[in-house]
Amino acid sequence: MEVNTVGYSNQDYQANSRRPARLSRHADKRAQQRCINRVSLPLVLAYGQREFDGKGGIRYLMTSESVASLQRALGRTQQVEALAGVYAVVSTEDNTVITVGHRFD
């Protein structure tokens, strides 16, 4: 079955079954300490650039391309721009968000 992706700004969007079921206590604490809005984490997971961290997790990083894609979908807002450099690490075992943070280059 072929999926029509015309008109969708994020062709790599993952199905609900691949999304984390929960946020670990550590990730929740880090989000609070690092002023990362937990409500925006699904956007990071949907639009962030995926890469394996080599330790059993997948890192979703909001690169400039990821932010631009999200802006095309939601518009240019301060909340979207604030996601630049935000990352979330998700366990490959149980899809739990392990930690979140900011990447500074």
Side-chain angles (χ1 to χ4, degrees):
M1 179 177 170
E2 186 174 318
V3 176
N4 182 2
T5 58
V6 176
Y8 291 95
S9 62
N10 184 6
Q11 296 178 11
D12 296 324
Y13 189 79
Q14 293 185 13
N16 288 338
S17 64
R18 299 285 297 151
R19 288 214 181 144
R22 65 183 186 93
L23 200 63
S24 71
R25 201 177 302 149
H26 174 81
D28 188 49
K29 185 175 181 178
R30 292 297 176 257
Q32 190 174 17
Q33 289 174 336
R34 296 169 178 167
C35 298
I36 297 171
N37 187 347
R38 289 175 289 248
V39 175
S40 65
L41 287 177
L43 296 173
V44 173
L45 300 176
Y47 286 87
Q49 178 182 337
R50 282 180 60 163
E51 60 186 23
F52 289 94
D53 69 356
K55 300 174 188 172
I58 301 173
R59 182 175 27 246
Y60 294 84
L61 174 64
M62 290 301 290
T63 63
S64 56
E65 294 85 14
S66 302
V67 172
S69 178
L70 183 56
Q71 287 175 335
R72 284 191 296 276
L74 298 179
R76 182 174 226 136
T77 66
Q78 287 180 338
Q79 290 85 0
V80 170
E81 290 178 8
L83 292 176
V86 170
Y87 68 86
V89 179
V90 178
S91 169
T92 56
E93 287 183 13
D94 61 2
N95 288 337
T96 300
V97 176
I98 299 169
T99 193
V100 297
H102 297 276
R103 181 170 168 185
F104 300 102
D105 291 326

Looking at CG of Leu23 and NZ of Lys29, how far apart are the two atoms once the value is rounded to the nearest 0.5 Å? 13.5 Å
Determine whether Tyr87 and Met62 make a side-chain contact, defined as any pair of heavy atoms from C-beta on separated by less than 4.5 Å. no
Would you please name every residue forming a side chain to side chain contact (heavy atoms under 4.5 Å, CB included) with Thr63, sequence neighbours left out? Gln49, Leu61, Glu65, Ser66
Given Val89 and Ile58, is the side-chain contact (heavy atoms from CB on, under 4.5 Å) satisfied, shown in steps? CA-CA 5 Å; Val89 179; Ile58 301 173; over 6 Å; no
All side chain to side chain contact (heavy atoms under 4.5 Å, CB included) counterparts of Arg76, not counting sequence neighbours: Gln71, Glu81
Partners meeting side chain to side chain contact (heavy atoms under 4.5 Å, CB included) with His102 (sequence neighbours left out): Arg34, Ile36, Val86, Phe104
Rounded to the nearest 0.5 angstrom, the CZ-CG distance for Arg22 and Asp94 is 6.0 Å
Quick one: which residue pairs count as a salt bridge (Lys or Arg N to Asp or Glu O under 4.0 Å) with a foot in residues 35-46, not counting sequence neighbours? Asp28-Arg38
Grab the two heavy atoms, one from Ile98 and one from Ser24, that are nearest each other, plus how far apart they are. O-OG, 3.1 Å
Val90 and Thr96, any side-chain heavy atoms less than 4.5 Å apart: no
Should side-chain heavy atoms under 4.5 Å link Ile, Leu, Val, Met, Phe, Trp and Tyr, which residues sit in the same cluster as Val39? none
I'd like to check the salt bridge (Lys or Arg N to Asp or Glu O under 4.0 Å) partners of Asp53; sequence neighbours left out, ordered by chain and number. none
How would you list, by chain and number, every residue that makes a side-chain hydrogen bond (donor to acceptor under 3.5 Å, both in side chains) with Thr99, sequence neighbours excluded? His26
Those residues at least two apart in sequence (or on a different chain) that pass salt bridge (Lys or Arg N to Asp or Glu O under 4.0 Å) with Arg59 are Glu51
By side-chain hydrogen bond (donor to acceptor under 3.5 Å, both in side chains), which residues pair with Glu93, not counting sequence neighbours? none
Side chains of Leu74 and Leu43, heavy atoms from C-beta outward: is any pair under 4.5 Å? yes
